[in-house]
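Working notes, beginning with the structure itself.
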Amino acid sequence: MLVSAISISLCAQTLTLRDSIAKTLAHHPDVKTFMLRIQQAEQGYNVAYADYLPQIDLSATYNPTKTYVLPVNGMFHTVEDSGWGAGATLHQKVWDFAKTSALVDASKADEDIARLSLGEVKALLAYKVKSLYELLVVQREAIRVREKDLEAKKAFYAQSRALVKQGLKTNADTNRFLSSVYVAENNLAIAKASFEKAKTSLSLYMGIPLRSDIKLQSHVLKKNFHLHSGTEHEILESNYKVKMDRLNVQKNRLLHQSAKSAQFGSIDLVASYDRFDTLNKYNSDYVGISYNVPLYTGGRMSAQEQQAKIGRMIAQEQEASDTLALQEELRALLIDIKRYGQTIKARKAQLISAKSTQKVQTARYKEGLATYIEVLDSISVTLNAELGVLEAYYSRSLALDRIDYLKGKI
């Protein structure tokens, strides 16, 4: 039971990348905002679709005093009396030359764009979380490397003091090692501060507090990947922004079509029933077909059509522009990924060489054959090589994460 409890406790302290993304998507206000926008777009579709359905209006009037004109013996006489009327009117659109259907389809495109926007913001948040999580891994490793560097320099400082007492070294050696200790302490503090800032940002994204000793998945930096000749085509087909641009072109084409159809008017079925109580009481009803066509609107309809046409052209150019920018970014990322692969190989070789050199210089210093400057230089080269390997893996991982984001992957 004790082993089981310890195991559960350790698991509870481990934060996986997948959990980080899931918690962020469940908590972040941007996701909730775009979910509300989907609901808003759905209501916009309902508003447009309502034009297909019958429209019923109720009306009522009451006149406390109204002048009525009556013919009496060939003469007109006026009478003051009260009166009221009430009635209902039904309008049913029969045909409007596809104006309404184009508006309904445009509102459906708006709804689809809203759904794609939600997918886009989720993919973007996932990319940001991956960046923060991987930065945490890098900074955790950097802290470990900096701690080892500090331990080594403290050891050399203590050793130099002992050698000074024995008369084998001078105070210059001691002071130089002490200075290197201060520098190492400062670098360690910087690494810890960077780790805390990244942890704070990730905590805010997730909406939960994170402990400083939380366990991370260090293997996320060394992910497997396979890039092929069809990567660009795959991204152009799956990228959320490009999909939204295509729908936006379709939407503006429909709006243009609706604006053109408006000039032909509409045919409506009209039915009405009214009850009047004035000087006489009577009912009035009507059922028929009406055709309304705008003859002159002061140029408003022509301007609306041109406005919609220009909107369609702008949407087409925006799609072309976004596609071009996407291709440019992707090709730059592919070049960088290849370069990072070579950088990782070079940094690994540099690290092996630096470690070997550091061992030799340390042994030579103990025998009095190397100076403290040579020892510190070898330590610095080893440290920079270790951090260089981490940075290369991190840079390549960010580029791969960016490609996943462009693909719309979470």
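Residue R246 qualifies as enclosed at atom CZ: its count of foreign heavy atoms under 6.0 Å is above 12. By the 6.0 Å contact criterion, CD on Q55 is enclosed, its count of non-hydrogen atoms from other residues, nucleotides or ligands being greater than 12. The number of heavy atoms from other shown groups lying within 6.0 Å of CZ (F34) is above 12. The environment of NZ in K407 is crowded: more than 12 heavy-atom neighbours from other residues, nucleotides or ligands sit within 6.0 Å. When the shell of 6.0 Å around NZ of K93 is examined, it contains more than 12 heavy atoms from other residues, nucleotides or ligands. For CD of Q92, the number of neighbouring non-hydrogen atoms (other residues, nucleotides, ligands) closer than 6.0 Å is greater than 12.
Within the 4.5 Å cutoff, side-chain heavy atoms of P294 are placed close to those of T297. Residues L326 and L330 form no side-chain contact, since every pair of their non-hydrogen atoms from C-beta on lies 4.5 Å or further apart. Under the 4.5 Å side-chain criterion, counting only non-hydrogen atoms from C-beta, K66 is not in contact with E80. Under the 4.5 Å side-chain criterion, counting only non-hydrogen atoms from C-beta, D81 is not in contact with T278. The side-chain heavy atoms of Q257 and D105, taken from C-beta on, include no pair separated by under 4.5 Å. A 4.5 Å side-chain heavy-atom check between L387 and R146 finds at least one atom pair inside the cut-off. Taking 4.5 Å as the limit, every side-chain heavy atom of R144 sits out of range of all side-chain heavy atoms of Q139. The side-chain heavy atoms of R115 and M35, taken from C-beta on, include no pair separated by under 4.5 Å.
Here S20 contributes atom OG and L202 contributes atom CG; the two are 5.0 Å apart, rounded to the nearest 0.5 Å. Interatomic distance, OG of S258 versus CD of E305, reported as 10.5 Å (0.5 Å rounding). Distance check: T61 OG1 to D274 CG gives 9.0 Å after rounding to the nearest 0.5 Å. Note that OG1 of T89 is 6.5 Å distant from CG of D57, once rounded to the nearest 0.5 Å. Atoms CG and CD, from N46 and E42 in turn, are 7.5 Å apart once rounded to the nearest 0.5 Å. Atom OH of Y291 sits about 12.0 Å away from atom CH2 of W95, to the nearest 0.5 Å.
Looking only at atom types and distance, the side chain of S212 has a donor-acceptor partner in the side chain of E196 under 3.5 Å away. A donor atom on one side chain and an acceptor atom on the other are not found under 3.5 Å apart for D110 and S107. A donor-acceptor contact under 3.5 angstrom links the side chains of K223 and S397, judged on distance only. There is a side-chain donor-acceptor pair under 3.5 Å between Q318 and D322.
Cation-pi geometry between K222 and Y393 is met: under 6.0 angstrom from the ring centre, within 45 degrees of the axis. A cation-pi arrangement is not found for R402 relative to Y405, the charged atom failing to lie both closer than 6.0 Å to the ring centre and inside a 45° cone about the ring normal.
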Inset, instruction - Any chance you could lay out the side chain to side chain contact (heavy atoms under 4.5 Å, CB included) test for N283 and F276, step after step, and finish with the verdict? - result: CA-CA 6 Å; N283 299 329; F276 296 98; over 6 Å; no

Inset, instruction - Go through R312 and E317 one step at a time and tell me if the salt bridge (Lys or Arg N to Asp or Glu O under 4.0 Å) criterion holds. - result: CA-CA 9 Å; R312 174 175 58 82; E317 295 303 323; over 6 Å; no

Inset, instruction - Run the numbers on D112 and K251 for salt bridge (Lys or Arg N to Asp or Glu O under 4.0 Å), then give the verdict. - result: CA-CA 10 Å; D112 293 337; K251 168 191 166 184; over 6 Å; no

Inset, instruction - Take F195 and I143, measure what side chain to side chain contact (heavy atoms under 4.5 Å, CB included) needs, and give me the verdict at the end. - result: CA-CA 8 Å; F195 178 84; I143 290 172; 3.8 Å; yes

Legend entry - E147/L188 under side chain to side chain contact (heavy atoms under 4.5 Å, CB included): CA gap, chis, key distance, verdict: CA-CA 7 Å; E147 286 175 342; L188 177 59; 3.6 Å; yes

Inset, instruction - Would you sort out whether I267 and D96 count as a side chain to side chain contact (heavy atoms under 4.5 Å, CB included), showing the intermediate values? - result: CA-CA 6 Å; I267 300 172; D96 62 358; over 6 Å; no

Inset, instruction - Evaluate salt bridge (Lys or Arg N to Asp or Glu O under 4.0 Å) for D149 paired with K153, printing each intermediate quantity in order. - result: CA-CA 6 Å; D149 176 57; K153 289 177 177 177; 3.4 Å; yes

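The minimum heavy-atom distance between L351 and A385, with the atom names listed, is CA-CB, 3.6 Å. Residue S261 comes nearest to F97 through the heavy atom pair OG-O, 2.9 Å, listed as atom of the first residue, atom of the second, then distance. Considering all non-hydrogen atoms of both residues, I214 and L210 come closest at CD1-CD2, 4.0 Å. Considering all non-hydrogen atoms of both residues, H28 and Y205 come closest at CD2-CD2, 3.9 Å.
The aromatic rings of Y52 and Y49 sit perpendicular to each other, their planes meeting at more than 60°, with 30° as the lower class boundary.
The aromatic ring centres of Y157 and F177 sit 6.0 Å or more apart.
Under the salt bridge (charged side-chain N to carboxylate O under 4.0 Å, His left out) criterion, R18 pairs with no residue at all, not counting sequence neighbours.
Every pair passing salt bridge (charged side-chain N to carboxylate O under 4.0 Å, His left out) that includes a residue from residues 335-363 is listed here, sequence neighbours excluded: D336-R339.
When each of I21, T24, L25 is paired with K122, the side-chain contact (heavy atoms from CB on, under 4.5 Å) condition holds for L25 and for no other.
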